[in-house]
Trainee: 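Have a look at this one.
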Amino acid sequence: MQTRSVALALLVLAACGNNSGNGNGDGGNGDGGSGSGSIDAPPPACDYTESMDGTNATTPEATGVTIGAQNKTICGQVDMGHFGSAASTVDVDEYSVAVGGTAELIVEFEDSTPTSLTDFTVTITDAAVDPAILNSGDFTGALSDHGAYLAELPAGNFNVVVSATNTTDVSAPIPYKIHIVADQPTTRCPDMTTATADYTEANDGAMNIGNDVITVDFSKPASFALTTATTDNPETSGITLDATTNKHIAGSSGMPTPAYTDKYIDRDTFAFTTGASTNEMSIRLNWPGTTSDLDYLVFEDSTVTAPVAVATLTANSQDEFQTFAVKPNTSYWLWVGAYAGSTGQPIAYSASLCGATFTP
């Protein structure tokens with residue numbers, strides 16, 4: 001499976017495959033309406049603490065940690081004295097971990113003073129001499145209080161790479177924690193296609209352009225922009241997403257008139273709000289058939305330059321599924337589009353919205 005290359009400041013390594021961890025393709029049991037609440041809290045203690053800062057930028061520290069069956073925490077710190085002005089890199093730390101069998105994981109990460117860095121990235125690679133990036137995510141502190149993403153890994157050895165960037169070196173060490181949490185994505189956030197929708201698309205109009213709002217073209221440096229139309233608006237779903245009850249949006253991907261010239265045939269936009277304790281969420285997008293490739297993006301309300309979440313697997317026979325960090329009590333837009341070349345419209349789709357609380 002492949003993902004479309006996305007030019008984002010938010011995901012600095014997205015072109016290398018940030019979305020390869022997409023949960024389980026079977027879509028869950030289809031009847032879930034009640035969420036499981038917060039993801040099981042990771043242990044407060046550190047299962048491994050960084051001890052080789054002088055060499056771990058190029059040689060991964062052997063942690064002895066096996067991830068997958070149990071929640072694990074790796075602790076370290078961004079240290080001064082390694083600053084590289086060419087790439088604005090403050091510090092890089094690498095850790096080796098093992099997976100005993102195929103594992104569904106959520107990788108959650110935090111640093112104690114995120115606003116002091118321009119970027120804090122956690123990447124999982126294989127253990128090859130020339131390693132391949134398998135999963136990656138980052139945060140700056142302005143977007144949320146932590147970062148989160150899904151990882152699906154087979155049995156084997158892997159490296160967890162922590163990278164911090166800034167315009168200058170830091171003046172003091174910045175502690176961080178990497179939580180690698182065992183996950184059950186199909187039960188935590190199931191396919192809700194057969195459940196009653198909390199909101200059903202209603203304002204796209206006969207020409208399927210009433211709720212487009214955003215154009216998307218990954219071939220352009222500025223991939224995302226508001227449409228030039230003045231009559232399209234996000235549909236107000238009325239959904240406030242808390243950490244105890246999953247929500248369901250039902251829509252239809254149609255054939256717009258006139259056709260657009262960017263990378264999507266149709267696009268639909270829905271506004272929702274996170275609850276007071278919701279700082280992490282997942283969205284699972286499902287649709288029937290094998291002739292259409294649906295994707296989704298999540299933007300903070302009216303902010304279209306950098307999506308909060310990107311789910312753009314190049315596939316037309318399975319769901320799109322991502323977990324990501326959000327801010328509590330904040331309005332967001334869920335954007336759903338049918339990629340160019342999709343056929344069979346109109347196609348009904350179902351979006352499961354599942355909230356959670358992560359405590360840094």
Trainee: Rounded to the nearest 0.5 Å, what's the gap from OG1 on T245 to CG on L241? Could you check?
Mentor: 9.0 Å

Trainee: Could you walk me through whether Y332 and T330 pass the side chain to side chain contact (heavy atoms under 4.5 Å, CB included) check?
Mentor: CA-CA 7 Å; Y332 288 92; T330 301; 3.6 Å; yes

Trainee: Got W333 and S302 here, is their nearest side-chain heavy-atom distance under 4.5 Å?
Mentor: yes

Trainee: Linking I/L/V/M/F/W/Y whenever their side-chain heavy atoms sit closer than 4.5 Å, directly or via other members, would V308 and I249 fall into one cluster?
Mentor: yes

Trainee: Does a side-chain N-to-carboxylate-O contact under 4.0 Å join K327 and E300?
Mentor: yes

Trainee: How many angstroms lie between atom CD1 of I209 and atom OG1 of T231, to the nearest 0.5 angstrom?
Mentor: 6.0 Å

Trainee: Where the side chain of W287 meets the backbone of I347, is there a donor-acceptor pair that is under 3.5 Å apart?
Mentor: no

Trainee: Can you tell whether the side chains of R188 and D183 come within less than 4.0 Å, N to carboxylate O?
Mentor: yes

Trainee: Please walk me through it: do H179 and F358 pass ring-ring contact (aromatic ring centres under 6.0 Å, His included)?
Mentor: CA-CA 10 Å; H179 307 287; F358 171 78; 5.4 Å; yes

Trainee: For G341 and I265, work out which heavy atoms get closest and say how close.
Mentor: N-CD1, 3.9 Å

Trainee: OH/Y95 to CD1/I74 distance, rounded to the nearest 0.5 angstrom?
Mentor: 7.0 Å

Trainee: Without hydrogens or angle criteria, can the side chains of T240 and D242 be said to hold a donor-acceptor pair below 3.5 Å?
Mentor: no

Trainee: Do Y339 and L294 have side-chain heavy atoms sitting under 4.5 Å apart?
Mentor: no

Trainee: Drop me the distance from K263's NZ to T215's OG1, to the nearest 0.5 angstrom.
Mentor: 12.0 Å

Trainee: I'd like to check the ring-ring contact (aromatic ring centres under 6.0 Å, His included) partners of Y176; sequence neighbours left out, ordered by chain and number.
Mentor: F120

Trainee: Is any side-chain heavy atom of T269 less than 4.5 Å from a side-chain heavy atom of L334?
Mentor: no

Trainee: So N211 and E201, side chain to side chain donor-acceptor pair (under 3.5 Å) or not? Walk me through it.
Mentor: CA-CA 9 Å; N211 59 10; E201 181 183 18; 3.0 Å; yes

Trainee: For P328 and T274, which heavy atoms make the closest approach, and how far apart are they?
Mentor: C-OG1, 3.4 Å

Trainee: Is it true that D232 and T227 share a donor-acceptor pair across their side chains at a distance under 3.5 Å?
Mentor: yes

Trainee: Any donor-acceptor pair under 3.5 Å linking the side chain of T323 with the backbone of Y149?
Mentor: no

Trainee: Once you round to the nearest 0.5 Å, how far does CG of D91 lie from CG of D93?
Mentor: 4.5 Å

Trainee: Start with the C-alpha gap between F299 and F224, add the side-chain angles, then the distance that decides, and say whether ring-ring contact (aromatic ring centres under 6.0 Å, His included) holds.
Mentor: CA-CA 10 Å; F299 299 86; F224 317 104; 5.7 Å; yes

Trainee: Looking only at atom types and distance, does a side-chain atom of E320 sit under 3.5 Å from a main-chain N or O of L313, one as donor and one as acceptor?
Mentor: yes

Trainee: Under the criterion side chain to side chain contact (heavy atoms under 4.5 Å, CB included), I'd like the reasoning laid out for D266 against D212: C-alpha separation, chi angles, the key distance, then a yes or no.
Mentor: CA-CA 7 Å; D266 187 20; D212 290 12; 4.0 Å; yes

Trainee: Tell me whether the centres of the aromatic rings in W335 and Y264 are closer together than 6.0 Å.
Mentor: yes

Trainee: Would you check, one step at a time, whether the test side chain to side chain donor-acceptor pair (under 3.5 Å) holds for D119 with T121?
Mentor: CA-CA 6 Å; D119 192 74; T121 302; 2.5 Å; yes

Trainee: Report the distance from atom CD of E94 to atom OG1 of T123, rounding to the nearest 0.5 Å.
Mentor: 9.5 Å

Trainee: Tell me whether S144 contacts the main-chain N or O of H146 through its side chain, where contact means a donor paired with an acceptor under 3.5 Å.
Mentor: yes

Trainee: Report yes if the side chains of I239 and T273 come closer than 4.5 Å at any heavy-atom pair, otherwise no.
Mentor: no

Trainee: Can you get from I214 to V310 by hopping between Ile, Leu, Val, Met, Phe, Trp and Tyr side chains that sit under 4.5 Å apart?
Mentor: yes

Trainee: Is there a path from Y199 to M281 through hydrophobic residues (I, L, V, M, F, W, Y) whose side chains come within less than 4.5 Å of each other?
Mentor: yes

Trainee: Could you verify whether a donor N or O on one side chain and an acceptor N or O on the other, from N279 and D145, lie under 3.5 Å apart?
Mentor: yes

Trainee: State, without any angle test, whether T89 and T165 hold a side-chain donor-acceptor pair at a distance under 3.5 Å.
Mentor: no

Trainee: Tell me the closest heavy-atom pair linking S292 and N316, and the distance in Å.
Mentor: O-CB, 3.0 Å

Trainee: Would you say the side chains of N56 and E61 form a donor-acceptor pair under 3.5 Å?
Mentor: yes

Trainee: State, with a plain yes or no, whether a side-chain heavy atom of N159 is found less than 4.5 Å away from one of P60.
Mentor: yes

Trainee: Side-chain contact, heavy-atom cut-off 4.5 Å: S112 with K177?
Mentor: no

Trainee: Following the transitive rule for hydrophobic clusters with a side-chain heavy-atom cut-off under 4.5 Å over Ile, Leu, Val, Met, Phe, Trp and Tyr, establish whether V122 and V99 coincide in one cluster.
Mentor: yes

Trainee: Where do P185 and F321 come nearest, in terms of heavy atoms and distance?
Mentor: CB-CE2, 3.0 Å

Trainee: Report yes or no: do I180 and V65 belong to one cluster of Ile/Leu/Val/Met/Phe/Trp/Tyr joined by side chain heavy-atom distances under 4.5 Å?
Mentor: yes

Trainee: Donor-acceptor pair, distance only, cut-off 3.5 Å: does the side chain of D319 make one with the backbone of L285?
Mentor: no

Trainee: Is T49 close to C75 at the side-chain level, that is, under 4.5 Å between some pair of heavy atoms?
Mentor: yes

Trainee: Between T312 and F218, does the side chain to side chain contact (heavy atoms under 4.5 Å, CB included) criterion hold? Intermediate values first, please.
Mentor: CA-CA 11 Å; T312 57; F218 298 124; 3.9 Å; yes

Trainee: Please find the pair of heavy atoms, one from D262 and one from D217, that lie closest to each other, and give the distance.
Mentor: CB-CB, 4.2 Å

Trainee: Tell me which donor-acceptor pairs under 3.5 Å the side chains of residues 76-86 have, and how far apart each pair is, sequence neighbours excluded?
Mentor:
unit_1	atom_1	unit_2	atom_2	d
Q77	NE2	D79	OD1	2.7
H82	NE2	D53	OD2	2.6

Trainee: When you measure from the side chain of S223 to the backbone N and O of V216, does any donor-acceptor pair fall under 3.5 Å?
Mentor: no

Trainee: Can you check side chain to side chain contact (heavy atoms under 4.5 Å, CB included) on M192 and K247, steps first, answer last?
Mentor: CA-CA 9 Å; M192 297 177 69; K247 298 295 185 179; over 6 Å; no

Trainee: Minimum heavy-atom separation for E235 and T200, please, with both atom names.
Mentor: OE1-O, 4.4 Å

Trainee: Any donor and acceptor pair, going by atom type alone, linking the side chain of N166 with main-chain N or O of V90 inside 3.5 Å?
Mentor: no

Trainee: Check whether Y260 forms a cation-pi arrangement with R267 (NZ or CZ under 6.0 Å from the six-membered ring centre, at most 45° off the ring normal).
Mentor: yes

Trainee: Between N246 (side chain) and C354 (backbone), is there a donor-acceptor pair under 3.5 Å?
Mentor: no

Trainee: Could you list the donor-acceptor pairs under 3.5 angstrom formed by side chains in residues 250-259, with sequence neighbours left out?
Mentor:
none

Trainee: Decide whether T196 and H248 meet the rule of one side-chain donor and one side-chain acceptor closer than 3.5 Å.
Mentor: no

Trainee: For the backbone of P190 and the side chain of S352, can you confirm whether one donor and one acceptor N or O come within less than 3.5 Å of each other?
Mentor: yes

Trainee: I283 versus V298: any side-chain heavy-atom pair under 4.5 Å?
Mentor: yes

Trainee: Ignoring hydrogens and angles, tell me if any N or O in the side chain of S342 forms a donor-acceptor pair with the backbone of D293 under 3.5 Å.
Mentor: yes

